[in-house]
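What follows is a single structure, written as structure tokens, with notes after it.
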Amino acid sequence: VRMAATELLTDGTGDEASALARFLRDPDQEVAAAAVRTLSARATGETLVMLWTALGSVEPAVRERMLDVLATFDRTSLARLADHALASPVDSDRTVGLAVLARLDRDAALPRIIDSLQDPSPDVRVEALSALQARPSTTAVDAVGGRLRDPDVRVRALAAAVLDSTPDDRVIPYLVEAASDADEDVRTAARQAVLSRRSASVARTLIGSLTAPAHRRAASELLADMSEESRELLLTAV
């Protein structure tokens, strides 16, 4: 019945667009997808304003559907809206602006994404890291690594996840640092990320970390867990 309703809401009025937007929240994925298709076919200014206004107050899965719809609108207009939102003093506006820019063209938006890692709002920092997790960039390794000292545990956990998905050996020292995090989930994720890259090169980095009191315990435990790669190097170091 709900699927049939989405097919009937096609005349383009504001009331019907509003009703379709509610279907984006439907628990059935097919109904939600049908609402996305119908809304995408009516890229009017009214629909744009309605979706943009709702972006900051919906669940992540619903927001992804809304972003799918917005991606079919005029890209120049969307980019202007996103730029304006990123300059807003309101945290939720900057979060939405960054999400839209990243969806439009993540590569072109990369400098803005990296800059947003320093945003005073943890929600914006989380949004920036989410964009980087979707498409990791070696350019952002140091900026992401710096977020491992973030006061917000969500940011630290996501930073560790981004580094884990980034194909660059420069992430190892940062992950070793995160392996000593005060939060158990961050520690566990970082240690698993290090062990997934086990090699003689990683073992050398861990041996170097044994001289740092804050990281000594984590490094020694990781070396024990990769004894095959580290044994000869540890004997040489001794």
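Worth saying up front: this structure is predicted, and the values here are computed from it rather than measured.
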Which pair of heavy atoms, one from Ala161 and one from Gln133, lies closest together, and at what distance?
CB-NE2, 3.5 Å
Can you list everything that forms a salt bridge (charged side-chain N to carboxylate O under 4.0 Å, His left out) with Arg198? Sequence neighbours excluded, please.
Glu229
Among residues at least two apart in sequence or on other chains, which ones pass side-chain contact (heavy atoms from CB on, under 4.5 Å) with Asp115?
none
Provide the closest heavy-atom pair for Ala214 versus Ser180 in the form atom of the first, atom of the second, distance.
O-OG, 3.3 Å
For Val90, the other hydrophobic cluster members (4.5 Å side-chain criterion, sorted by chain and number) are none
Strictly by side chain to side chain donor-acceptor pair (under 3.5 Å), give each pair with a member in residues 213-228 just once, sequence neighbours left out.
Arg191-Glu221, Arg217-Glu221
Can a donor-acceptor pair be found, under 3.5 Å and without considering hydrogens, that links the side chain of Ser209 to the backbone of Thr205?
yes
Pairing residues for Ala193 by the side-chain contact (heavy atoms from CB on, under 4.5 Å) criterion, not counting sequence neighbours:
Asp164, Leu175
For Leu223, check side-chain contact (heavy atoms from CB on, under 4.5 Å) against everything at least two apart and list the hits.
Ala203, Leu206, Ile207, Leu210, Ser230, Leu234
Inter-residue atom distance Leu101.CG - Leu81.CG, 0.5 Å rounding
10.0 Å
In terms of heavy-atom contacts, Ala82 and Trp52 come closest through N-CH2, 3.6 Å
Residue pairs meeting salt bridge (Lys or Arg N to Asp or Glu O under 4.0 Å), one or both in residues 203-215, sequence neighbours left out, come to none
Could you name each residue pair satisfying salt bridge (Lys or Arg N to Asp or Glu O under 4.0 Å) that touches residues 131-145, not counting sequence neighbours?
Asp107-Arg135, Asp142-Arg170
Would you check, one step at a time, whether the test side-chain contact (heavy atoms from CB on, under 4.5 Å) holds for Val144 with Thr166?
CA-CA 10 Å; Val144 174; Thr166 304; over 6 Å; no
Tell me which donor-acceptor pairs under 3.5 Å the side chains of residues 148-159 have, and how far apart each pair is, sequence neighbours excluded?
from: Arg149; atom 1: NE; to: Glu177; atom 2: OE2; distance (Å): 3.0
from: Arg149; atom 1: NH2; to: Glu177; atom 2: OE1; distance (Å): 3.2
from: Arg149; atom 1: NH2; to: Glu177; atom 2: OE2; distance (Å): 3.4
from: Asp150; atom 1: OD1; to: Arg125; atom 2: NH2; distance (Å): 3.0
from: Asp150; atom 1: OD1; to: Asp152; atom 2: N; distance (Å): 2.8
from: Asp150; atom 1: OD2; to: Arg125; atom 2: NE; distance (Å): 2.7
from: Asp150; atom 1: OD2; to: Arg125; atom 2: NH2; distance (Å): 3.3
from: Asp150; atom 1: OD2; to: Arg147; atom 2: NH1; distance (Å): 2.4
from: Asp152; atom 1: OD1; to: Arg154; atom 2: N; distance (Å): 2.8
from: Asp152; atom 1: OD1; to: Arg154; atom 2: NE; distance (Å): 3.2
from: Asp152; atom 1: OD2; to: Arg154; atom 2: NH2; distance (Å): 3.2
from: Arg154; atom 1: NH1; to: Asp123; atom 2: OD1; distance (Å): 3.2
from: Arg154; atom 1: NH2; to: Asp123; atom 2: OD1; distance (Å): 3.2
from: Arg156; atom 1: NE; to: Asp181; atom 2: OD1; distance (Å): 3.4
from: Arg156; atom 1: NE; to: Asp181; atom 2: OD2; distance (Å): 2.7
from: Arg156; atom 1: NH1; to: Asp150; atom 2: O; distance (Å): 2.9
from: Arg156; atom 1: NH2; to: Asp181; atom 2: OD1; distance (Å): 3.2

Quick one: are Val176 and Pro173 in side-chain contact, heavy atoms under 4.5 Å?
no
What's the shortest heavy-atom distance between Ala128 and Ser116, and which atoms?
CB-CB, 4.0 Å
Within this structure, what is the CG-CG distance for the pair Asp168 and Leu163, rounded to the nearest 0.5 Å?
9.5 Å
Considering all heavy atoms of both residues, which atom of Asp183 and which atom of Asp185 are nearest to each other, and what is their separation?
OD2-N, 3.0 Å
What one should report as the nearest heavy-atom pair of Leu86 and Leu98 is CD2-N, 3.8 Å
Output every pair passing salt bridge (Lys or Arg N to Asp or Glu O under 4.0 Å) with a member in residues 78-98, not counting sequence neighbours, ordered by first then second residue.
Asp83-Arg112, Asp91-Arg94, Arg94-Asp119
So OG of Ser137 and CD1 of Ile113: to nearest 0.5 Å the spacing works out to 9.0 Å
After noting the C-alpha distance and the side-chain angles of Leu132 and Leu117, does the key distance pass the side-chain contact (heavy atoms from CB on, under 4.5 Å) rule?
CA-CA 10 Å; Leu132 289 169; Leu117 292 173; 4.1 Å; yes
Residues which pass side-chain hydrogen bond (donor to acceptor under 3.5 Å, both in side chains) with Arg187, listed by chain and number, not counting sequence neighbours
none
side-chain contact (heavy atoms from CB on, under 4.5 Å) filter on Thr188, not counting sequence neighbours, yields Glu184, Gln192
So do the side chains of Arg103 and Glu64 get within less than 4.5 Å of each other, counting heavy atoms only?
yes
